[in-house]
There are 2 protein chains.
Amino acid sequence: METNAETYGKEADVPGRIAAVSIVEAIAADLRSRIFSGDLGSGQSLTETEVASSYEVARPTAKASIEKLVAEGLLDRGTHKTARVVDLGPDSVRDIYLARAYLESEVLRRLARTKAVPQTAVQANRDIAAVQTGAPLDVVEPDMRFHTSLIDAVGNERISRMYRSLVGEVRLCMVRVQSLQLLDTELIHAEHQKILELIEAGQGEAAADLLDEHLGRARERLVAAMGGAAGPEAEHPSGLLSQ
Amino acid sequence: METNAETYGKEADVPGRIAAVSIVEAIAADLRSRIFSGDLGSGQSLTETEVASSYEVARPTAKASIEKLVAEGLLDRGTHKTARVVDLGPDSVRDIYLARAYLESEVLRRLARTKAVPQTAVQANRDIAAVQTGAPLDVVEPDMRFHTSLIDAVGNERISRMYRSLVGEVRLCMVRVQSLQLLDTELIHAEHQKILELIEAGQGEAAADLLDEHLGRARERLVAAMGGAAGPEAEHPSGLLSQ
DNA sequence: GCCCTTCGATTGTCTAACAAGTACACATGT
DNA sequence: ACATGTGTACTTGTTAGACAATCGAAGGGC
């Protein structure tokens, strides 16, 4: 009952911009944030009826919300089977990080060619530095924003869209990395900073290499923490940063 | 009641392959092919009621099909507005082709590193050569298959998924290129062939460059044919191929 | 102990209906 | 004549309740 009020309230009280989103999207957004916050853990089942009754909407509406999240890769389900929050195994994690590296490294090369440093990325990295050391999960949002800013800076609508289709899963990975405290906030910030500097200097290849290292380390440490066999990238930062 | 029987029958009597797809997907597939075949032209409107009655299904079912195509980028619609077949302008065409080049050129570099030539791509190119010169539209399917084969050869699920989200629009562009007869089938085949050879030779950079030329020419000729200002890439093949 | 049947839970789809929004024509006022 | 307001038809968003098909697990028979 007040569940609805809360949901709508959360969007309405955003200042600056009005948002006349549909109910379907509102529910999807709420479920999404509950998944990211860990309120809905891996493997948690979500039946259409449950969602419908807990948000007090009709089942088709709940169904549409669920299908939206399935399309985003946050939920998993087969025909006639109940949707579940995805359970990312080591293989999926590698797949996700490699796809990221694929897109992002090429982005860095292009940005370096014009030496265009997106201000939104600079701001995002400042926000990372400002995060209290005691709240590692707060890093996730600005970290995500840093990377999406770089992608969007290319100015290609389809590329941004493709990256968006990955963002949900990427964020899930980030949450786990931070929950397990696998990476130091300062290191993240410093590497981001160096990447921005390399773009400004027009050294695209070096920026791409550093990004590969940046992502590779997160990837392999996460894989190791999940019980997979870690690759050599899990080690400490190389000399690239300290020059 | 017999509405159900008819609908299911339509799928069951497809010979060759069984298809236990949902009604929603079956309708989406049919609409898709009608869009590609030109039966539904740019700007054509598709109301939920029309689709529902013409396929003899309930409106929610039609709605779901339409939403699927909207997600694929084949249909366009805002809230409370009727869905229309997308009308790709010169800007969109450039956006699409650049996004393609973005993904595919990096793929070629990676494949060249291991000198892995996907057999499916080889077969697809053979099929292109076998197309009758009088039916330019028949080139579209194997051409599309050639490019998706290369992407899939990387073996990354997410990258394949991202490319899939582009395929619909890419195909629309291809159909127009072929309808307008902007490219010679033999040239397409020859360039594909050369790309495969460069991969086998481990020359990723050259393969990527040739691909850029291949896509750039299609892109700029299409843009020009649509009334936009064509870039220099529209010209004849350079010496890259004749060496 | 293993296989098969039955049953509950869940999803796919349908019909019917109302609310809300858009677009375009029409009428009004200045 | 132009801008503004009104209204009406069409379309979409959402709901309610229902039935069939399917999946998973529990229970019975061999």
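Proteins get letters first, then strands, A, B, ... in listed order; numbering begins at 1 in each. On a predicted model such as this, the values are computed, not experimentally measured, just so you know.
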Apply side-chain contact (heavy atoms from CB on, under 4.5 Å) to B:R171 and B:E141, showing your working. CA-CA 8 Å; B:R171 192 150 177 173; B:E141 189 276 326; 4.2 Å; yes
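- One can place CD1 of B:I23 at 14 Å from C1' of D:dC19, the figure rounded to the nearest angstrom.
- Ranking C:dT15, C:dT11, D:dT12 by closeness to the B:A58 side chain, first place goes to C:dT15.
- Side-chain atoms of A:R59 lie closest to D:dA18 of the nucleotides D:dT15, D:dG13, D:dA18.
- Between the CZ atom of B:R77 and the P atom of C:dG21 there is a distance of 16 Å, rounded to whole Å.
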Would you please test A:E220 and A:Y97 for side-chain contact (heavy atoms from CB on, under 4.5 Å) and show each step? CA-CA 10 Å; A:E220 295 305 331; A:Y97 273 90; over 6 Å; no
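- Distance from the side chain of A:K81 is smallest for D:dC23 among the nucleotides D:dC23, C:dT11, D:dT15.
- For A:D95 (side chain) and B:R158 (main-chain N/O), a donor-acceptor pair under 3.5 Å exists by modelled atom type.
- Looking only at side-chain heavy atoms (C-beta outward), B:M174 and B:L183 stay at 4.5 Å or farther from each other.
- In this structure, A:I27 places its CD1 atom 13 Å from C1' of D:dG13, rounding to the nearest Å.
- Contact annotation: B:K63 side-chain N/O to D:dG13 OP1/OP2 distance is under 4.0 Å.
- Between the CD atom of B:E48 and the C1' atom of C:dG21 there is a distance of 13 Å, rounded to whole Å.
- Nearest nucleotide to the B:H80 side chain, out of D:dT15, C:dT22, D:dA21: C:dT22.
- Atom C1' of nucleotide D:dC10 and atom CZ of B:R84 are separated by 13 Å, given to the nearest angstrom.
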